**Q** 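This is the structure I have questions about; it appears just below.
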Amino acid sequence: MAIKLFDSLTREIRELRKPDPAHPQDIFSFYNCGPTVYAPAHIGNFRTFVINDVLRRLLELEFGAGKVKHVRNLTDVDDKTIRRAREEGRPLVDVTKQWTAKFHADCAALNCLPPHVEPTATGYIKEQVNMIEVLMEKGNAYRAPDGSVYFKVSSFENYGRLSRVKERELQPGSALAGKVTAADADEKEDVSDFALWKSHKPDDGDNAWESPWGRGRPGWHIECSAMSKAILGDTIDLHTGGEDLEFPHHDNEIAQSECCNGVTFARHWFHSKHLLVDGKKMSKSLGNLYTLDDLVAKGFSPMALRYALLTAHPRKQLNFTLDSLHAAESALASLRAHRASLASSPAAHDTFAPVITALQDDLNIPGALGALFTIINRKTGEPDLASFDRALFVLGLDLTVAAAPKADIPADITALAEKRWAAKQAKDFAAADALRKELAAAGWSMLDSKTDYKLEPVKK
RNA sequence: GGCGCGGUAGCCAAGUGGUAAGGCCGAGCUCUGCAAAAGCUCUAUGCGCCGGUUCAAUUCCGGCCCGCGCCUCCA
């Protein structure tokens with residue numbers, strides 16, 4: 001079976017290239033644009049990373065674990081990281097290290113596999129400079145009077161193919177019209193040109209590197225071109241990211257890389273759609289921007305967030321609500337119960353194969369979840385723990401982690417619970433019920449079993 | 001203004017030219033002092049509206065209405 005995936009460039013569903021078995025060194029190269037590390041990532045960022053994690057798991061299942069190379073970069077120098085460091089009066093590396101660690105912790109909580117290589121922009125300055133030098137030599141770039149270097153968009157005939165930029169000329173009514181004026185445009189020959197190298201400005205502080213064009217720092221787009229080339233080669237099999245990166249980031253990458261290397265940059269492009277919260281784009285002003293920690297503080301488990309992020313097709317906007325997390329917790333509980341019922345089953349046929357089949361068909365994750373529950377409900381096929389686990393692994397749903405992080409139970413709550421348990425053992429049910437109500441009023445529910453009980457906070 | 005996406009049950013969400021997966025919620029039942037869990041059952045003559053093509057359309061075509069995203073450094 002081949003993996004079929006929508007290609008943002010050709011706008012059709014195409015098969016992904018398979019590594020050639022005749023060449024053992026041939027691997028599938030997969031580059032996923034990563035986060036800028038200056039603040040905690042929000043759940044919209046994680047939608048993209050969770051989707052890419054499922055894709056990576058599927059690729060490894062299909063091609064073999066050693067046949068896929070997954071690269072995801074960290075942008076650790078740009079306007080935002082520098083501004084944050086300046087505001088906090090800290091060295092840039094302190095800020096980026098802090099938020100890199102947080103990003104890794106969140107990814108782990110969401111059960112995302114670490115990429116095989118996670119390069120940073122500051123770790124590849126030399127490669128970026130080299131690339132810019134080639135672009136200068138070839139006439140695709142020029143140095144502005146202030147020492148910045150710009151890519152000359154008019155030098156690349158195919159510029160903007162990914163986003164069809166030629167079909168969207170700047171119109172008077174465009175949101176853009178007012179923006180392309182002052183600061184950025186004055187040094188450029190053309191407003192469409194973009195920075196490859198930014199000359200040092202006072203606000204940059206110590207964050208500058210030497211280059212043939214003077215001290216400065218790389219532009220944003222060049223890092224992905226340079227790191228992708230250095231780690232995966234001139235042509236990669238798959239390049240992914242969020243839909244917002246299609247333009248200008250990925251169109252700029254294509255321009256830089258193809259002008260520099262003279263070959264196709266990426267064989268396949270895939271962009272996931274954004275997440276909305278309560279039907280609107282997330283924004284601080286609307287108060288609907290969530291981080292993982294925000295949701296954990298409300299009593300939800302990271303795995304429930306992962307599940308919720310997977311409930312819509314990657315190429316459709318996902319409307320995230322707190323309700324969807326409740327639904328996710330319930331669905332996960334049901335999967336856990338099912339897994340327990342399979343615990344002793346022998347490995348049989350690949351009962352859950354339809355789950356994988358759905359994923360192979362343009363990464364239809366909701367379809368895969370539907371197939372999963374359909375198989376469970378119909379009890380067709382033999383119980384097959386190995387197959388069930390394989391399906392859950394590809395989706396990255398780890399059922400072994402606790403449903404919700406254990407909350408600290410206050411001593412007075414424990415005392416109430418003990419009292420009720422004693423009353424129940426003494427068959428004083430009136431007292432037991434009264435105590436249950438007291439606990440509920442305090443925000444705790446008591447779950448009895450034959451021999452024991454558990455306390456859980458009532459979900460908000 | 002340009003480019004693009006979507007409107008399927010209370011909520012979320014797949015899907016197909018031949019008659020609507022699945023999850024959540026809800027209801028009933030079994031079990032259980034109660035509650036929860038677990039199990040079983042039920043829950044869209046209908047897929048934004050209007051036309052068209054067709055033996056047959058939610059699925060194709062056209063128009064309209066509504067919502068959303070992107071449009072220079074935001075996944």
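As a basis for the values below, the full set of heavy atoms in this structure was taken, side chains included, without hydrogen atoms, waters or symmetry mates. So that the names make sense, note that chain A is the first sequence line, chain B the second, and so on, each numbered from 1. Being a predicted model, the structure only gives us computed values, none of them experimental.
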**Q** Consider the side chain of L276(A), meaning its heavy atoms from C-beta on, and name the nucleotide among rA75(B), rG69(B), rC73(B) that approaches it most closely.
**A**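 That would be rG69(B).
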
**Q** Apply the ring pair (Phe, Tyr, Trp, His ring centres under 6.0 Å) test between Y31(A) and each candidate in H239(A), H116(A), H250(A); give the one that qualifies.
**A**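 Answer after filtering H239(A), H116(A), H250(A): H239(A).
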
**Q** Closest to the L245(A) side chain: rC73(B), rA14(B), rA75(B)?
**A**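 The answer is rA75(B).
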
**Q** Determine the Euclidean distance between corresponding C1' atoms of rC50(B) and rG7(B); express it in Å to zero decimal places.
**A** 16 Å

**Q** Regarding E243(A), tell me which of base, sugar-phosphate or nothing describes its non-hydrogen contacts under 4.0 Å with the strands shown.
**A** sugar-phosphate

**Q** In whole Å, I'd like the distance from the CG atom of D323(A) to the P atom of rG26(B).
**A**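 The distance from CG of D323(A) to P of rG26(B) comes to 11 Å, rounded to the nearest Å.
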
**Q** State whether the side chain of R84(A) and the backbone N or O of V37(A) hold a donor-acceptor pair below 3.5 Å, judged by distance alone.
**A**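 Absent.
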
**Q** From the list rC12(B), rA14(B), rA75(B), which nucleotide is the closest neighbour of the side chain of T311(A)?
**A**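 So the side chain of T311(A) is nearest to rC12(B).
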
**Q** Would you say H274(A) stacks on rA75(B), if stacking means ring centres under 5.5 Å apart and planes within less than 30 degrees?
**A**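 It does: the two rings, one from H274(A) and one from rA75(B), meet the stacking criterion.
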
**Q** Under 4.0 Å, counting only non-hydrogen atoms across every strand here, what does L318(A) touch: a base, just sugar-phosphate, or nothing?
**A**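 The residue L318(A) makes no contact with any strand.
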
**Q** Can you tell me how far P in rU19(B) sits from the matching atom in rG26(B), rounded to whole Å?
**A**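 It works out to 33 Å between them.
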
**Q** Can a side chain N or O of S334(A) be found less than 4.0 Å away from OP1 or OP2 on rG23(B)?
**A**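 For S334(A), the contact criterion (side-chain N or O under 4.0 Å from OP1 or OP2 of rG23(B)) is not met.
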
**Q** With a non-hydrogen cut-off below 4.0 angstrom, is H42(A) in contact with a base, only sugar-phosphate, or nothing?
**A**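 Base contact.
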
**Q** Hey, which sits more toward the 5' end of RNA chain B by its nearest nucleotide, R11(A) or G279(A)?
**A**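 Looking at RNA chain B, the more 5' nearest nucleotide goes with R11(A).
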
**Q** To the nearest angstrom, how far is L395(A) atom CG from rA13(B) atom P?
**A** 18 Å

**Q** Report the distance from atom OH of Y38(A) to atom C1' of rA75(B), rounded to the nearest whole Å.
**A**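 Rounding to the nearest Å, OH of Y38(A) and C1' of rA75(B) are 11 Å apart.
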
**Q** For rG23(B), take OP1 and OP2 only and decide whether either is under 4.0 Å from a side-chain N or O of N377(A).
**A**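 Answer is yes, contact under 4.0 Å.
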
**Q** Any donor-acceptor pair under 3.5 Å linking the side chain of R86(A) with the backbone of D203(A)?
**A**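 Yes; judged by distance alone, with no hydrogens or angles, the pair exists.
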
**Q** Between W421(A) and Y453(A), what is the ring plane arrangement, given parallel below 30°, perpendicular above 60°, and tilted in between?
**A** tilted

**Q** Check whether F6(A) forms a cation-pi arrangement with R315(A) (NZ or CZ under 6.0 Å from the six-membered ring centre, at most 45° off the ring normal).
**A** yes

**Q** Is the distance between the ring centroids of F151(A) and H221(A) under 6.0 Å?
**A**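 Ring-ring flag for H221(A)/F151(A): false, centres at least 6.0 Å apart.
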
**Q** Could you tell me whether the side chain of L289(A) reaches within less than 4.5 Å of the side chain of D294(A), counting heavy atoms only?
**A**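 D294(A) does not reach L289(A) side chain to side chain.
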
**Q** Would you confirm whether R161(A), through its side chain, and L9(A), through its main-chain N or O, come within 3.5 Å as a donor-acceptor pair?
**A**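 Side chain of R161(A) to backbone of L9(A): no pair is present.
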
**Q** Side chains of V129(A) and W213(A): does their closest heavy-atom pair fall under 4.5 Å?
**A** yes

**Q** Take atom P in rA37(B) and the same atom in rA27(B), then report the distance between them in whole Å.
**A** 12 Å

**Q** How long is the line joining CG of D203(A) and C1' of rC73(B), in whole Å?
**A**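 Between C1' of rC73(B) and CG of D203(A): 16 Å.
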
**Q** Where the side chain of A331(A) is defined as all heavy atoms beyond and including C-beta, which of rA75(B), rG23(B), rG69(B) is the nearest nucleotide?
**A**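 The answer is rG23(B).
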
**Q** Has D7(A) got a side-chain atom pairing as donor or acceptor with W269(A)'s backbone, closer than 3.5 angstrom?
**A** yes

**Q** Using distance alone, with no hydrogens and no angle criterion, decide if Y142(A) and D193(A) have a side-chain donor and acceptor under 3.5 Å apart.
**A**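 Judged by distance alone, the side chains do pair up.
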
**Q** How many Å lie between CG on D251(A) and P on rG4(B), as a whole number?
**A** 14 Å

**Q** How is the base pairing of RNA chain B summarised as a dot-bracket string, given the Watson-Crick and G-U wobble criteria with both distances under 3.5 Å, [ ] for crossing and | for another strand?
**A** (((((((..(((.....[...))).(((((.......))))).....(((((..]....))))))))))))....

**Q** Can you give one letter per nucleotide of nucleotides 29-36 of chain B, going 5' to 3': B for a protein heavy atom under 4.0 Å from the base, S for sugar-phosphate only, - for none?
**A** ----BBBB

**Q** Would you mind telling me which residue lines up with the more 5' stretch of RNA chain B, K316(A) or G34(A), judged by nearest nucleotide?
**A**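 Of the two residues, K316(A) wins.
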
**Q** Provide the distance between the two P atoms, one in rC47(B) and one in rA21(B), to the nearest whole Å.
**A** 15 Å

**Q** Roughly how far apart, to the nearest Å, are rC70(B) and rC12(B) at atom C1'?
**A**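 Those two atoms are separated by 25 Å.
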
**Q** Would you say rA75(B) has OP1 or OP2 under 4.0 Å from some side-chain N or O of N52(A)?
**A** no

**Q** Expressed in whole Å, how much space separates the C1' atoms belonging to rA20(B) and rC68(B)?
**A**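 Result for the C1' pair: 26 Å, nearest Å.
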
**Q** Could you tell me the separation between the CZ atom of F373(A) and the P atom of rC12(B), rounded to a whole number of Å?
**A**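 About 18 Å, once rounded to whole Å.
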
**Q** What I'd like to find out is whether the side chain of L162(A) reaches to under 4.5 Å of the side chain of F247(A), using heavy atoms alone.
**A** no

**Q** Would you mind classifying the nucleic acid contact of S330(A) as base, sugar-phosphate or nothing, using non-hydrogen atoms under 4.0 angstrom?
**A** sugar-phosphate

**Q** Within the structure shown, what part of the strands sits under 4.0 Å from G44(A) by heavy-atom distance: base, sugar-phosphate, or nothing?
**A** base

**Q** Look at the side chain of D79(A) and decide which nucleotide, out of rG23(B), rC12(B), rC73(B), has an atom nearest to it.
**A**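 The answer is rC73(B).
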
**Q** Do R72(A) side-chain atoms and N32(A) backbone N/O form a donor-acceptor pair below 3.5 Å?
**A** no

**Q** Is there a donor and acceptor pair, one atom on the side chain of K273(A) and one on the base of rC68(B), closer than 3.5 Å?
**A** no

**Q** With rounding to the closest Å, how many angstrom separate the P atoms on rG10(B) and rC66(B)?
**A** 23 Å

**Q** Please give, in whole Å, the distance from rA14(B) P to L363(A) CG?
**A**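 About 12 Å, once rounded to whole Å.
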
**Q** Distance between the P atoms of rG22(B) and rA14(B), in whole angstroms?
**A** 15 Å

**Q** For L322(A) and rC11(B), what is the distance between atoms CG and P respectively, to the nearest whole Å?
**A** 17 Å

**Q** Taking the minimum atom-to-atom distance to the side chain of R47(A), which one of rC68(B), rA75(B), rA38(B) wins?
**A**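 Minimum distance to the R47(A) side chain belongs to rA75(B).
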
**Q** When you get a sec, tell me which of rA75(B), rG69(B), rA14(B) is the closest nucleotide to the side chain of K281(A)?
**A** rG69(B)

**Q** Just to be sure I understand the rule, does G242(A) reach a base, reach only the sugar-phosphate, or reach nothing, if contact means heavy atoms closer than 4.0 Å?
**A**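 Sugar-phosphate contact only.
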
